[in-house]
2 protein chains.
Amino acid sequence: MPTHYHGTAEERRALNTFIKLMRAADSVEARLAQRGCLDDLTPSQFGVLETLYHLGSLCQTELAHKILKSSGNMTLVIDNLEKQGLVRRERDLNDRRFITVHLTEKGRQTIEAVLPCHVKAIVEEFSVLTPEEQETLGELCKKLGKGQSPKATLVSSTPLAEQE
Amino acid sequence: MPTHYHGTAEERRALNTFIKLMRAADSVEARLAQRGCLDDLTPSQFGVLETLYHLGSLCQTELAHKILKSSGNMTLVIDNLEKQGLVRRERDLNDRRFITVHLTEKGRQTIEAVLPCHVKAIVEEFSVLTPEEQETLGELCKKLGKGQSPKATLVSSTPLAEQE
DNA sequence: ATTAAATAATTCAATATCAAACGATTGAAA
DNA sequence: TTTCAATCGTTTGATATTGAATTATTTAAT
């Protein structure tokens, strides 16, 4: 029956902050998912649709970079979106290695139907913080995220709002 | 060629904070993973081992609750840990519905070998923030995470450090 | 005591996710 | 021009993840 972690004050502070950060991110994400705004779309699917909607057609590698997933994963996500008729693949004629992914009309309608509800939900989630607190949180997170390697998550990494 | 999201100031503030929060969480998590401290352990596997190490033997439902995953998922994660000889299942004799999961000697050695490196990595990640900034970040995240539904992530949800 | 509701773990189907290996294509170097 | 390196997308194998259905067991209610 071992006891809990004990370390220096510095270690405990970092660990506590780490845990709270992760819990906050997960909590918000889970509650957003539970609201059901995203309907049947998985987070990655939503991320792709939203990215295409806001940035226009992109190739798969760019898309993977935007939602910060692997290229192999992107193949599957696009596959599933294509099955649902939400996106369309188009081989690039200039450079046949590339495949451009387009939003279909149905895809556009889908993202437009989902977006307002999702934005509203996010605003509600953050309403527990004052505007100033939100600014502060944003600043601190930015510093923390800045590190060396760029990585982020699904929905969160999409250009829903601009990163400065 | 649609443009980016435009909304009220309130909406943009919430969206920006949301994105920065998610990016920060993902960045930190990804960089921690890249350091390779966790060796071959997946985040969930690490979470289970660490929870057992710090809290002692638990049944699967408790374990699932601790690392905030579904019970179905827990079955698989424990399966894989058992294959590696890191944990051991034991049917509860008083209530045969329960299965207690124990850390094996090999499991204990594994988590003890991995933990110091991981803690060190977390401290390094958060060293971009001053102690005060870490406290502030922790406070704000706590408020945000407090919401109704409890949810968190793998490693982060483990009792590495105590939640107050 | 028998039945009904609740709970624990498992299973299943679908999707996600990565890393690594691979095939196709392109562009640059020899 | 031929070859080589780089890049793109796909495939594969392993693990994760959820939600829903299922089985086993226990507890509570009748």
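FYI, side chains are in, hydrogens and waters are out, and symmetry mates aren't considered; it's all heavy atoms of this structure. Note that this is a predicted model, so its numbers are computed, not measured. Reminder, nothing fancy here: chain letters follow the sequence lines and each chain counts from 1.
- A close approach under 4.0 Å does occur between a side-chain nitrogen or oxygen of B:Asn73 and OP1 or OP2 of D:dT18.
- Computed from coordinates, the A:Gln45 CD to C:dT15 C1' distance equals 8 Å when rounded to whole Å.
- For the pair B:Glu62 and B:Lys66, the salt-bridge criterion is not met [side-chain N within less than 4.0 Å of a carboxylate O].
- Distances shown here put a side-chain N or O of A:Asn80 below 4.0 Å from the OP1 or OP2 atom of C:dA16.
- At least one side-chain nitrogen or oxygen of B:Thr61 sits closer than 4.0 Å to the OP1 or OP2 atom of C:dA9.
- Among the protein residues, B:Leu76 comes within range of the nucleic acid bases, having at least one heavy atom under 4.0 Å from a base atom.
- In terms of position on DNA chain C, the residue among A:Arg91 and A:Ser71 whose nearest nucleotide sits closer to the 5' end is A:Ser71.
- When heavy atoms are screened at a 4.0 angstrom cut-off, A:Asp95 is found touching the sugar-phosphate backbone but no base atom.
- Between C:dT7 and B:Arg96, no contact under 4.0 Å exists linking OP1 or OP2 to a side-chain N or O.
- A straight line from CD of A:Glu82 to C1' of D:dG9 spans 13 Å, rounded to a whole angstrom.
- Using a 4.0 Å heavy-atom criterion, one finds that B:Asn94 contacts the sugar-phosphate atoms exclusively.
- As judged by a 4.0 angstrom heavy-atom cut-off over every strand, A:Ser70 is placed among the base-contacting residues.
- A straight line from CG of A:Asp26 to C1' of D:dT17 spans 13 Å, rounded to a whole angstrom.
- Taking the side chain as every heavy atom from C-beta outward, B:His102 and B:Leu52 never approach each other to under 4.5 Å.
- B:Thr104 contributes a side-chain N or O that, together with a main-chain N or O of B:Gly85, makes up a donor-acceptor pair within less than 3.5 Å.
- Comparing B:Met74 and A:Arg97, the nucleotide of DNA chain C nearest to each residue sits closer to the 5' end for B:Met74.
- Summarising the geometry, the separation between CG on B:Leu93 and C1' on C:dA8 is reported as 15 Å, rounded to the nearest angstrom.
- When each of C:dA16, D:dT15, C:dA9 is scored by its nearest atom to the side-chain atoms of B:Thr42, the top-ranked nucleotide is D:dT15.
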Apply the test salt bridge (charged side-chain N to carboxylate O under 4.0 Å, His left out) to residues A:Arg108 and A:Glu105: give CA-CA distance (whole Å), side-chain angles for both, the deciding distance (0.1 Å), then the verdict. CA-CA 5 Å; A:Arg108 192 184 61 73; A:Glu105 177 57 22; 2.7 Å; yes

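- Here D:dG9 presents its P atom at 6 Å from CZ of A:Phe98, a figure rounded to the nearest Å.
- With hydrogens and angles ignored, the 3.5 Å screen pairs a side-chain donor or acceptor of A:Gln134 with a backbone N or O of A:Phe126.
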